[in-house]
Colleague: 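Dropping a structure here in structure tokens format, bear with me for questions.
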Amino acid sequence: MRSDVVKKGLARAPQRSLFKALGFIDEELDRPLIGVAVAESEIVPGHKHLGQIAQAVCDGVRLAGGVPVRFPVIGVCDGIAMGHAGMRYSLVTRELIADSVECMAMAHGFDALVLIPNCDKIVPGMLMAAARLNIPAAFVSGGPMLAGRKEGKPLTLTTMFEAVGAVGAGKMSNEELAELENTACPGCGSCSGMFTANSMNCVTEALGMALPGNGTIPAVLAERVRLAKKTGMLILDLLKKDLKPRDIMTEAAFRNALAMDMALGCSTNTALHIPAIAHEAGITITLDTFNEVSAKTPNLCHLAPAGPDAIEDLHAAGGITAVMAELVGANNHPPLLDTSVCTVGGCLHDIIENYKLRASAPPRELSVIRPITNPYSKTGGLAALKGNIAPNGCIVKQSAVAPEMMQHKGPARIFNDEDSAFDAIMKGAIKKGDVIVIRYEGPKGGPGMKEMLGPTSALAGMGLDKDVALITDGRFSGASRGASIGHVSPEAAEGGPIGLLEEGDTISIDIPARTINAEISAEEFAKRKAAYKKPETKAKTDYAIASSYLERYAKQVGSAATGAIFG
């Protein structure tokens, strides 16, 4: 066993004495040591209950003959961090999490890992670590939050952010806002929509690193606890078979995950995380790969914020396995998944066939999963655009864009940080037809690549999401909707063309054609570049700590177009 390095032989008597200081007995030291990485905390609603999930995992490990060893992992709540300097500290934790899991696993000689994330950067950080370490590993998330309800209509975190814009526009009272505060987020779990956390938990399942149900079983159901016990038992089987993450996370598996991403209409943040995870597995996934998969994968679901359905509705309709079943060739449609791949739960083909045998699907007109013959669109939920503003690409969640905004042309409204753009929106300075440009918020320029849920939600709350586009070298929350185009690369801080745009420049966006351009000649761009001086921005004052982690992050991080990985 791998753990023998810390517990066997004469030379390891000192180490054994430390294990015994922890209460271990000799019989335990003869069994596999299973690291249980859990991101439990009292500040993240999606993680508050992870202690219960971890206990269930540990119970499963012991039932199967292993010895579980829990250790903590940090996690930022993106919702709480949103809209202020704290958001700079969200994406940057992905690398911290991957590094810390690696450190704990290597230092203590764990034979295998069960990883328990739930929210935005914790899931990809742990997946990156699993791919990097390549020891047997399995995932079980904490599960999605139930949707809030008001007059029978579902509420999500998006509701709250958009309500701020509605109050600013005089469309909602402060009393109504307060009522929503008490009902929108009813309890523990990752926020109830196809936001980044749930997107990545569904991707983890589609990638094969978690058992069926991982992405959609609500946090509060006993079914989630049972899943955790099964995962704890499963890890001993994976260890016996010596089935490692890179045996599962193959190129075919990543393409399956991308197809699921497109069918579901996942968060644009998957365009940062999937390439980064693939990189750790020795596989290259680019924005061109996203477009290639999107071109042949229909969008089958309109989950919040693209539509009214919550993750609990997707679970009731059969979850990720039901979507997979629709993608493998139903109704004489060519298969869009490689079902020969292995997962932690067995061959994908067998998982889908077993689902078909026991499933009693709801009537299609009542289901949140459309048949492949009647999709919301023939192409997937995400689209990568290129043009003279974004030579290396940018990303948009096209499934959450109104039809009238799929093609848009308007004057640029230039802002060098998120705060000034949000202020302008709330003061009514943005008009129909405008194209808001927020720059110097990329991985290096932010630093940390803030999410822009505040501005996009304010626009939606004011009823401008079908009239105003927003482009940025920063990124968007999975809760954003509208013509919200992020990850513009190269970013302004690296001399990208977005930094050369001026107030009033005409911006042309054509999502079906996958293009985004400023109607400016190459000669004019060259003239502006020669005269360019980088402006001072609020980004330099709202976090300024000498030699802070953000400063080190900015020096190491690469382009958003390749996953914002460390060079």
Colleague: Would you check if the side chain of D261 reaches a backbone N or O of T270 as a donor-acceptor pair within less than 3.5 Å?
Modeller: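 Checked: no pair found.
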
Colleague: Measuring from atom CG of N392 to atom NZ of K386, what distance do you get when rounded to the nearest 0.5 angstrom?
Modeller: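 So the CG of N392 and the NZ of K386 are separated by 7.0 Å.
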
Colleague: Could you tell me whether a side-chain N or O of R439 sits under 3.5 Å from a main-chain N or O of L501, the two making a donor and an acceptor?
Modeller: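 A pair under 3.5 Å: yes.
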
Colleague: To the nearest 0.5 Å, what is the distance between CD1 on I34 and CG on D111?
Modeller: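 Answer rounded to 0.5 Å: 5.5 Å.
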
Colleague: Roughly how far apart are T286 OG1 and D288 CG, rounded to 0.5 Å?
Modeller: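 So the gap between those two atoms works out to 4.5 Å.
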
Colleague: Which heavy atom of L287 sits nearest a heavy atom of A271, and at what distance?
Modeller: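 So the two residues come closest at CD2-CB, 4.1 Å.
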
Colleague: Ignoring hydrogens, what is the shortest heavy-atom contact between R475 and M449? Give both atom names and the distance.
Modeller: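 So the minimum-distance heavy-atom pair works out to NE-O, 2.6 Å.
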
Colleague: Locate the shortest heavy-atom distance separating E205 from N214; write the atom from each residue and the value.
Modeller: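 Closest heavy-atom pair between E205 and N214: OE1-N, 3.1 Å.
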
Colleague: Could you check if a side-chain atom of V220 sits within less than 4.5 angstrom of a side-chain atom of L146, using non-hydrogen atoms only?
Modeller: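 Side chain of V220 against side chain of L146, heavy atoms only: contact under 4.5 Å found.
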
Colleague: Going through the distances and angles, do V437 and I498 end up as a side-chain contact (heavy atoms from CB on, under 4.5 Å)?
Modeller: CA-CA 8 Å; V437 177; I498 190 173; 3.8 Å; yes

Colleague: Checking the side chain of S294 only, and the main-chain atoms of F290 only, is there a donor and an acceptor separated by less than 3.5 Å?
Modeller: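 Not confirmed, S294 side chain does not pair with F290 backbone.
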
Colleague: Is the number of heavy atoms from other residues, nucleotides or ligands within 6.0 Å of CD (E251) greater than 12?
Modeller: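 No, the 6.0 Å shell around CD holds no more than 12 heavy atoms from other groups.
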
Colleague: Decide yes or no on salt bridge (charged side-chain N to carboxylate O under 4.0 Å, His left out) for E503 and R413, but give the supporting numbers first.
Modeller: CA-CA 5 Å; E503 187 81 8; R413 304 297 309 279; 2.6 Å; yes

Colleague: Does S192 reach the main-chain N or O of M145 with its side chain, forming a donor-acceptor pair under 3.5 Å?
Modeller: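 Pair found, side chain donor or acceptor close to backbone of M145.
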
Colleague: Do I509 and M405 come close enough that some side-chain heavy atom pair is under 4.5 Å?
Modeller: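 No. Closest side-chain heavy atoms not under 4.5 Å.
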
Colleague: Does a side-chain heavy-atom distance below 4.5 Å link T156 with C191?
Modeller: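 No, their side chains stay 4.5 Å or more apart.
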
Colleague: Calculate, to the nearest 0.5 Å, the distance between atoms NE2 and CG belonging to H487 and D473 respectively.
Modeller: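 Nearest 0.5 Å value for the NE2-CG distance: 10.5 Å.
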
Colleague: One thing to verify: whether K48 and E40 come together as a salt bridge, which I'm taking to mean a side-chain N less than 4.0 angstrom from a carboxylate O.
Modeller: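 No.
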
Colleague: Between F254 and A281, what is the shortest heavy-atom contact and its length?
Modeller: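 Scanning both residues, the minimum pair turns out to be CE1-CB, 4.2 Å.
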
Colleague: Contact between S484 and K397 at the side-chain level, heavy atoms closer than 4.5 Å - yes or no?
Modeller: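 The answer is no, as the side chains (C-beta and beyond) never meet within the 4.5 Å cut-off.
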
Colleague: When the ring centroid of Y553 is compared with that of F566, is the distance short of 6.0 Å?
Modeller: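 Between Y553 and F566, the centre distance is under 6.0 Å.
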
Colleague: Do E418 and R88 sit within salt-bridge range, that is, some charged N less than 4.0 Å from a carboxylate O?
Modeller: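 No, no charged N to carboxylate O under 4.0 Å.
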
Colleague: Identify whether the distance between the nearest side-chain nitrogen and carboxylate oxygen of E524 and K529 falls below 4.0 Å.
Modeller: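 Salt bridge flag = no for K529 with E524.
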
Colleague: Would you compute the distance between atom CD1 of I485 and atom CE of M452 and round it to the nearest 0.5 angstrom?
Modeller: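 Going from the CD1 atom of I485 to the CE atom of M452 covers 14.0 Å.
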
Colleague: Could you tell me whether K121 and D78 make a salt bridge, using a distance below 4.0 angstrom between a side-chain N and a carboxylate O?
Modeller: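 Yes, this pair counts.
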
Colleague: Any side-chain donor paired with an acceptor under 3.5 Å for S480 and T456?
Modeller: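 The answer is yes; a qualifying pair exists.
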
Colleague: How far apart are the C-alpha atoms of S199 and N269, what are their side-chain angles, what is the distance that settles it, and do they pass the side-chain contact (heavy atoms from CB on, under 4.5 Å) test?
Modeller: CA-CA 9 Å; S199 293; N269 279 313; over 6 Å; no

Colleague: Counting distance only, does the side-chain N/O of D465 pair as donor-acceptor with the main-chain N or O of G482 below 3.5 Å?
Modeller: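 Side chain of D465 to backbone of G482, a donor-acceptor pair under 3.5 Å: no, none is there.
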
Colleague: With a 4.5 Å heavy-atom cut-off, do L382 and V396 have their side chains touching?
Modeller: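 Result no, sub-4.5 Å side-chain heavy-atom pair not found.
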
Colleague: Quick check: does any side chain N or O of H84 sit under 3.5 Å from a backbone N or O of G86, one acting as donor and the other as acceptor?
Modeller: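 A pair under 3.5 Å: yes.
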
Colleague: Search all heavy atoms of K555 against all heavy atoms of K444 and return the closest pair with its distance.
Modeller: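 Heavy atoms of K555 and K444 come nearest at O-NZ, 3.8 Å.
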
Colleague: Within the side chain of H279, is there an N or O that forms a donor-acceptor pair under 3.5 Å with the backbone of P275?
Modeller: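 Between the backbone of P275 and the side chain of H279 there is no qualifying donor-acceptor contact (under 3.5 Å).
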
Colleague: Pair E491, S559 - check side-chain contact (heavy atoms from CB on, under 4.5 Å), show working.
Modeller: CA-CA 8 Å; E491 62 177 291; S559 169; over 6 Å; no

Colleague: We want to know whether R224 and S141 form a side-chain donor-acceptor pair, criterion being a heavy-atom distance below 3.5 angstrom.
Modeller: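 The criterion, which ignores hydrogens and geometry beyond distance, is satisfied for S141 and R224.
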
Colleague: Is D99 paired with R94 through a side-chain N to carboxylate O contact shorter than 4.0 Å?
Modeller: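 Answer for the salt bridge query: no.
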
Colleague: Counting only heavy atoms from other residues, nucleotides and ligands, does the tally under 6.0 Å from CD1 of I43 exceed 12?
Modeller: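 No, because the 6.0 Å sphere around CD1 of I43 holds 12 heavy atoms or fewer from other groups.
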
Colleague: Side chains of V73 and V101: does their closest heavy-atom pair fall under 4.5 Å?
Modeller: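 Yes, side chains in contact.
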
Colleague: Looking at N291 and A384, would you say the former's side chain and the latter's main chain have a donor-acceptor pair under 3.5 Å?
Modeller: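 Side chain of N291 to backbone of A384: a pair is present.
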
Colleague: Which heavy-atom pair separates V140 from P117 by the least distance, and what is that distance?
Modeller: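 Where V140 meets P117 most closely, the heavy atoms are O-CD, 3.6 Å.
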
Colleague: Any heavy-atom pair between the side chains of V468 and H408 that's under 4.5 Å?
Modeller: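 Side chain of H408 against side chain of V468, heavy atoms only: no contact under 4.5 Å found.
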
Colleague: Does the E95 side chain pair with the main chain of I565, one donor and one acceptor, at a distance under 3.5 Å?
Modeller: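 Not a single qualifying donor-acceptor pair exists.
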
Colleague: Tell me if a side-chain donor or acceptor on S190 pairs with a main-chain N or O of C119 at a distance below 3.5 Å.
Modeller: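 The answer is no, because no donor-acceptor pair under 3.5 Å joins these two groups.
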
Colleague: Do F476 and F195 make the cut of ring centroids closer than 6.0 angstrom?
Modeller: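 No, the ring centres sit 6.0 Å or more apart.
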
Colleague: With side-chain contact (heavy atoms from CB on, under 4.5 Å) as the test, would you mind laying out the steps for E451 and T196 before giving the verdict?
Modeller: CA-CA 11 Å; E451 289 184 342; T196 305; 4.2 Å; yes

Colleague: CG of L91 to CG of L96: how many Å apart, nearest 0.5 Å?
Modeller: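 Nearest 0.5 Å value for the CG-CG distance: 10.5 Å.
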
Colleague: Could you tell me if T204 and N201 have a donor-acceptor pair between their side chains, going purely by distance under 3.5 Å?
Modeller: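 Distance-only check fails for N201 and T204.
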
